[in-house]
Structure formats: C-alpha cells, structure tokens
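Numbers restart at 1 for each chain; the letters A, B, ... are given by sequence-line order, proteins then strands. Just so you know, these numbers use all the heavy atoms, side chains as well, and skip hydrogens, waters and symmetry mates.
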Number of protein chains: 2
Amino acid sequence: MATIKDIAKRLNISVSTVSYALNGGPRSVPEHIKEQVWAVAQELDYRPNRVARQLVTRSSDTIGIVPDHPSEDAMLGPYLQQIFNAVLNVAERRTQDVLFLSSHSGSDPNTYLNTLLDGRVDGVILIADNRSKLRELLVSRKFPHVMISAPNDGESPTFGVNNISGMIMLVDHLAELGHKKIGYLRGLSRQPDSQFREAALLERAAHYGMEIRPEWVRDGDFYSETSHRVGLEILDQRDLPTAMICFNDESAVGFMNACRDRGLKIPEDMSVVGFDNVPWIGYITPKLTTVRQPTGEIAHAAAAALLELVAGNPVTSQLFEPELIVRDSTSRPKEDKFPHA
Amino acid sequence: MATIKDIAKRLNISVSTVSYALNGGPRSVPEHIKEQVWAVAQELDYRPNRVARQLVTRSSDTIGIVPDHPSEDAMLGPYLQQIFNAVLNVAERRTQDVLFLSSHSGSDPNTYLNTLLDGRVDGVILIADNRSKLRELLVSRKFPHVMISAPNDGESPTFGVNNISGMIMLVDHLAELGHKKIGYLRGLSRQPDSQFREAALLERAAHYGMEIRPEWVRDGDFYSETSHRVGLEILDQRDLPTAMICFNDESAVGFMNACRDRGLKIPEDMSVVGFDNVPWIGYITPKLTTVRQPTGEIAHAAAAALLELVAGNPVTSQLFEPELIVRDSTSRPKEDKFPHA
DNA sequence: CTGTTAGCGCTTTCAA
DNA sequence: TTGAAAGCGCTAACAG
C-alpha cells in the first residue's frame, strides 16, 4: 500500500509537503504542487492510514455508545435501536464513526474502562442511571461523556424525557374521560424511571381523588408475556379498575391480550394506556393510547452534545417533553356511560 | 497517561520485557518480573494504547457492517437490527469491535472504499446484492468480506436464506388448505429476492394448477401503508382470490388492514401470509402465518466466517432454510368449506 | 534470556 | 517557503 513517503519520493519533495497538500493545510502549498501530489496519490491508489493519524493526533473521530446493562440481545429492543439510529445519523453528518460497546471485558467497570481509554473512542454516550459505577469512573477521569435516560444530577450532561409530565398527561387524560378507578402495571421498581412515573401517578391520581387499590398495582418487567400473566391475575379479581396504566407499550400489549382472554372489550370494558410509542405501535389492535418519548431527538441532542464536548466546548443538559397520543384504547368508563341511570 | 516506557523505567527493565509480560508472550518472562510489571501497571493506572498497537500489528480487531443502500434510518428496520445484533454477539465473544458503516463519504463507491481501507476495519460484512459496485472493488482488492442477502455467485462467501424453498412452503401450505385462487403483493421487482420468490411462486402455483390472475398481482414496496392502499384496489374488484401472499410481514399487515376496511374476515374470507417473521409479529391480530427467515443465524454465520477470513482461513458460503410458521391468518377457503354443497 | 532499536504512517516542530 | 527529523506508543527483529 502506498504511503505519503512514496508520493514524496516520487515527486522529490518532503513528506510534510505531501501531508499538507493532502490535508489542505495548515501550511500552504503551491497550487501546482498540490495538483501533482493529488495526481500521484491517485496513480498510486494512495489511501491515508487513519490509524497512524490517530496515533499522533490522539483522537479517533469515533464516539461510543455504552448501554450499562448490556445483554445478549441489546439491539433487539426499540429503545437502543432508536438511540443508535439517531446517533449514527448525527455522527455520519460529522464524519465520525460510532462504536457500540456492549461489554467485551466482562462486567467489571474498571476493566471495562480500558475499552474506553485505550484510544478507540473520543467520548461516550452512556445509557444508564446515576448509580452507574462506570459513570463515576468517567466523571473522575473527566472522560468526555453524556448520559441518556438518567435523572439529571448535575454531574454529567444528561438528556432525557420528562417522565413526570408524561405520566401526568396520561392521568389527566383518564380523569377527563371520567375514570375513577385506576390500575397500574409497573416496570422494574428499582429503575429510576419507574419510580418517577409511579410517584407522579400517585400524586396526580390523589389530586383527582382517584382510587388505586393495592391489588390493582403489580410489578412487571418490560415484556408482554409477564404483563399478560400478571394481567390475568388482576382481571380474575372481584372488583376491577376501569382503566389500566401500563409501564410501557409492550406491557400494554400483554395486558390487552389478558383482557381479550377474559372477554373484556377495549376500550368499552377497560381503558388501557402505554408509554413510549414504539415503532410497531401502528400494527396492534386496538390502536394504543400512549405517551410518545422523543427518543430520537434525545439521542440526537446527546450525540451532538458529545461531539461538542469532545471538541472542547461546554454543553448543557436537556429535558424533553413527551407527547400524549390518544388512540383507540381509551374511552369513558362503562358505568359512566349513563351517568344518571 | 502512563505508557510501557514508564513501567520499564520504573523497574529498570526494557520495554520489550514489559510488553511481553503484559501480553503474556510470545517471549517468556519470569514470573516475579511479570508480577512486578502488573503491579506497577496497576499503580500507574496504565492503559494499553490500542491505536499504537494497531499501527504496528496492522490489524484493528474491528469488523464493519456495510449496508449498500444506506438510508437515514437504516437501523430502524428489523432486518439490519437483527443482523447487527447477531454480529455484535459473535464479535463480542471474540473481543472484536464492530463498526456500522453507513456511508460517510457520499455514495461514490471508490471514495467510500477509503473508509474500508484506511485501517479501521479488518474486514466487512456487505449487505447488498451482486450488482454492488462496492463488492466488485472489494473482490478486486481481495479485501476480506462476506455477503449477506445476495444470491451466491461464487465470487464472495455468501450467506442467505433459500427464498425459493420459503415460497414453496407457503404455496404448498395454501394448496393443502385447498386454495385455488392466489393473489400476490410483490416487493420491489428489481430486487433479486423479489424475483426469486416470484419465480418460485409462479412455478409452484402452476404445478398445483392454481389461478393467479394479473389483476391480483401488484407491485408494492416494503411498507404497510403502500400495501394497504394497493390492497384496497385489489379488494374493490369483482372476483377475489381466496388467499394473498404478501412479500413481507409488513405488507401483510397493510393488506390485512385493507381487508378489515372492506369487511373481509381473516382467515374466513381471505387467507393472508407474510414473509420474514419480524420481531413484533406476536403483537398483531390475527396472528400471521409466515415464513421465518433465520436472519440471526445467517448474520451469526457471516460474522464468524468473516473473522475466519480475516484470520487467513478459508470459508464456505452457506444457504439457510426458512421455516413455515402456521398461525391464525390462514384457513380453508370459504367455498371449499362445504366441498359437496 | 534480556536489552536495544528499528520501524508502523502520520503530523508538526524546528531548521534552513 | 520547504525539508529534515522528532516523535505518538507499541511490537518484534536483532544484538548482545
């Protein structure tokens, strides 16, 4: 493979001149030399060696995405997919590469840190909450990073959705429809997201004087199978809520299946809402009322911020507002249909 | 940042000894020296500089994924997602990175080639068909690569699904149910996949003496909106087929929506089949009969093969068999329900 | 067995 | 204005 040395030799000029000619600076090179250099480069099919350049410039033009809870099938969930897609788009526009760093070196954060500090990435987008050990290490080493999906504690630039107002929108919507008895299928309760949403739910529901019986609230995870199973348990009780708030769209699908199994019509017998507005939401029946998380915009902003950070510029955290999307899975509760009957 | 030089100086030994101690070879190092080296490394918080190593070993321990028709939202489709996920898994197990190379340098394949030859990846997985200009360049430069989703022409190691037998399974299934009148919503007709499937469909249908009227066959793309629209046009005709074969699951969803709009029950009035078995298939109603493409396995094999190739070992192409998954969107045709009526 | 040293290909400082 | 040369941090060939 041809190198700048070959080009220099061929033209009897110095490598520095070739380098400057090829890079268009910082030193100026006479136009006719430039042309010759480019011509010879073409002829020798010269391809710049990016690794050599990286070594001397100490920058890789690559950013990393680090999911803090790496799993075998990380890229199969819509959340990471949307983030990765958005990051890819902004990186591409700035001719940067993006590396998806799942967790080569096992789960020890300190070992894992090697991956980040060995020069392959200039900075990382960390998808984790604040208790992340890795985040701590990044902060203490001042390694350029931004966070997604963590509450903003001022330690790192953070980009996320306003979970609280999302939940409030949902409760308000149900309140407007006249619902008084609400059930809640929560996510993993150790997750900050879950906690914020639940707190908002309880507060807002209390505000409206809604009833949320303990037996209508159940733990789940993010999968529809679980919420299907748990949903059946809820539905097999005597008294039922008239509306169910599900932690995310997937669990809403599971719960809707449970309703179908028990012969409950949605939304007539039971209103159901989700959270997220996943990409395949248009394919499920009935169409689900949910809150859209602007995941793409969030990731977009995070990536842009990281690149600023890498370039040495200051950045500020950003909280995004979700959007209520009313579809066909919510309506007035049955007993409210004829309020004066 | 500490380097091996610092460690060497600290212990009054040579850098080569340090290097060998750290890497565990190829030269052997006395155990007690090794221990000292590791201790000092720890103490100085030494992190190996991977870029420097790359420069001398001329290998990046990174493979690339190259979608030949890069789009803004490349990672939003399930196909690339599954491929990426699988590749990530095998790469991780072999401590390799994977770079998703969408198309930085514009669409000129030759410029684009720079990206691949500048040392950042040791080889690439090309997702393209055989007419790919980029593939041609890779072949002529003997740059390590494998192909996914192209017919195997013997030029490059190729990994894909047997489209023909997939379509045959589908037609056989419909024939067994007693369908005689078949419609077909095809994909983009310039795509080799589409062509193979259509050829197989026509041949197999002829074999069974099935009727496929031209007005039951329509072009589409891969999106449900299109097939929804086109589906309505088909359904507004006088005579209808009893079963519709859709190019992929997404278009099947669109067509099923069209059926719903026209009051046709699935599968009673119309059997519908898709192709792919996308991840969210469990969420649509009625559950779709389809052919599963083992995309994950294919990508897995492709990635493993690429790593072999990079290591200098020979590899062989592989064709994967699809699998018919019968669910609730197909049944006997109506007029066949009482064959002797 | 271990230390010295020559690069890998590039950028950039320092001299001329 | 341009060339020579010093590294970047590492591996590995070579020398002792």
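- Distances shorter than 4.0 Å separate none of the side-chain N or O atoms of A/N49 from OP1 or OP2 on C/dC8.
- Summary of helix geometry: the two end axes of the helix from C/dC1-D/dG16 to C/dA16-D/dT1, each defined by five base pairs via their C1' atoms, are inclined to each other by 60° (rounded to 10°).
- Between B/L55 atom CG and D/dG7 atom P there is a gap of 17 Å when expressed in whole angstrom units.
- Side-chain N/O atoms of A/R53 include one lying less than 4.0 angstrom from OP1 or OP2 on C/dT11.
- Between A/S19 and the phosphate of C/dT11, there is a side-chain N or O to OP1/OP2 separation shorter than 4.0 Å.
- In terms of position on DNA chain D, the residue among A/A52 and A/V15 whose nearest nucleotide sits closer to the 5' end is A/V15.
- Nearest to the side-chain atoms of B/S14 among the listed nucleotides C/dT4, C/dC10, C/dC8 stands C/dT4.
- Contact annotation: B/T17 reaches the phosphate of C/dG3 (side-chain N/O to OP1 or OP2, under 4.0 Å).
- The side chain of B/Y20 places no N or O atom within less than 4.0 Å of a non-bridging phosphate oxygen (OP1 or OP2) of D/dA13.
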Contacts under 3.5 Å, N or O only, protein and nucleotides 14-16 of chain C:
none

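- Rounded to whole angstrom, the span from the CG atom of B/N12 across to the C1' atom of C/dT4 amounts to 15 Å.
- Taken residue by residue, residues 29-44 of chain A places no heavy atom nearer than 4.0 Å to DNA chain C.
- Atom CZ in A/R58 sits about 11 Å away from atom C1' in D/dG7, given to the nearest Å.
- Contact of B/S16 with C/dT4 (side chain to base): a donor-acceptor pair of N or O atoms is detected under 3.5 Å.
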